[in-house]
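Report on the structure given below.
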Amino acid sequence: MPQFDPQRADTRPAARTAPGGTQPALRVVPIAGRPNLDAQTRVRLGHELRALYDPVIDEALDPRLAELLQQLDADRAGGASG
């Protein structure tokens, strides 16, 4: 099973559509020694993942989780200044 490599991760937010309403071009980063997916498979996989995750992105954040995140931010800010 492939391992996640944070040094290879693209942390920029993904654009849902390019200007003009078209899909943005896929950026392929080949990794030596690993199988490559053909363009058709990458496009199909992208569509499947969008269909799976788009509804989740639009869901409201649980208030308890939002409170915990605010506490974490406050703790980090307090630790940085002290």
Side-chain angles (χ1 to χ4, degrees):
M1 178 187 253
Q3 296 273 333
F4 174 71
D5 184 357
Q7 293 178 341
R8 288 198 163 280
D10 187 357
T11 56
R12 294 176 293 167
R16 291 190 184 196
T17 57
T22 60
Q23 290 292 330
L26 295 175
R27 193 178 71 138
V28 179
V29 179
I31 300 173
R34 295 198 182 169
N36 291 324
L37 300 175
D38 61 67
Q40 182 181 7
T41 302
R42 288 192 310 269
V43 169
R44 186 184 48 136
L45 183 57
H47 287 293
E48 295 289 329
L49 289 171
R50 280 189 193 93
L52 181 66
Y53 286 109
D54 275 349
V56 175
I57 290 171
D58 296 332
E59 287 182 7
L61 187 61
D62 184 291
R64 295 172 295 176
L65 180 57
E67 183 180 340
L68 288 172
L69 290 171
Q70 288 176 346
Q71 289 176 1
L72 179 61
D73 286 341
D75 289 349
R76 286 182 177 169
S81 63

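Everything numeric in this text was worked out from a predicted model, so none of it was measured.
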Exercise. Measure the CZ-CG distance between Arg44 and Asp38 for me, rounded to the nearest 0.5 Å.
Key: 8.5 Å
Exercise. Using salt bridge (Lys or Arg N to Asp or Glu O under 4.0 Å) as the criterion, list what pairs up with Asp62, not counting sequence neighbours.
Key: Arg64
Between side-chain atoms of residues 65-74 and protein atoms elsewhere (two or more places apart, or another chain), which donor-acceptor pairs fall under 3.5 Å?
unit_1: Glu67; atom_1: OE2; unit_2: Gln71; atom_2: NE2; d: 3.4

Quiz item: When Ile, Leu, Val, Met, Phe, Trp and Tyr are grouped by side-chain heavy atoms lying under 4.5 Å apart, directly or through other members, which residues fall in the same group as Leu49?
Solution: Leu37, Leu45, Leu52, Tyr53
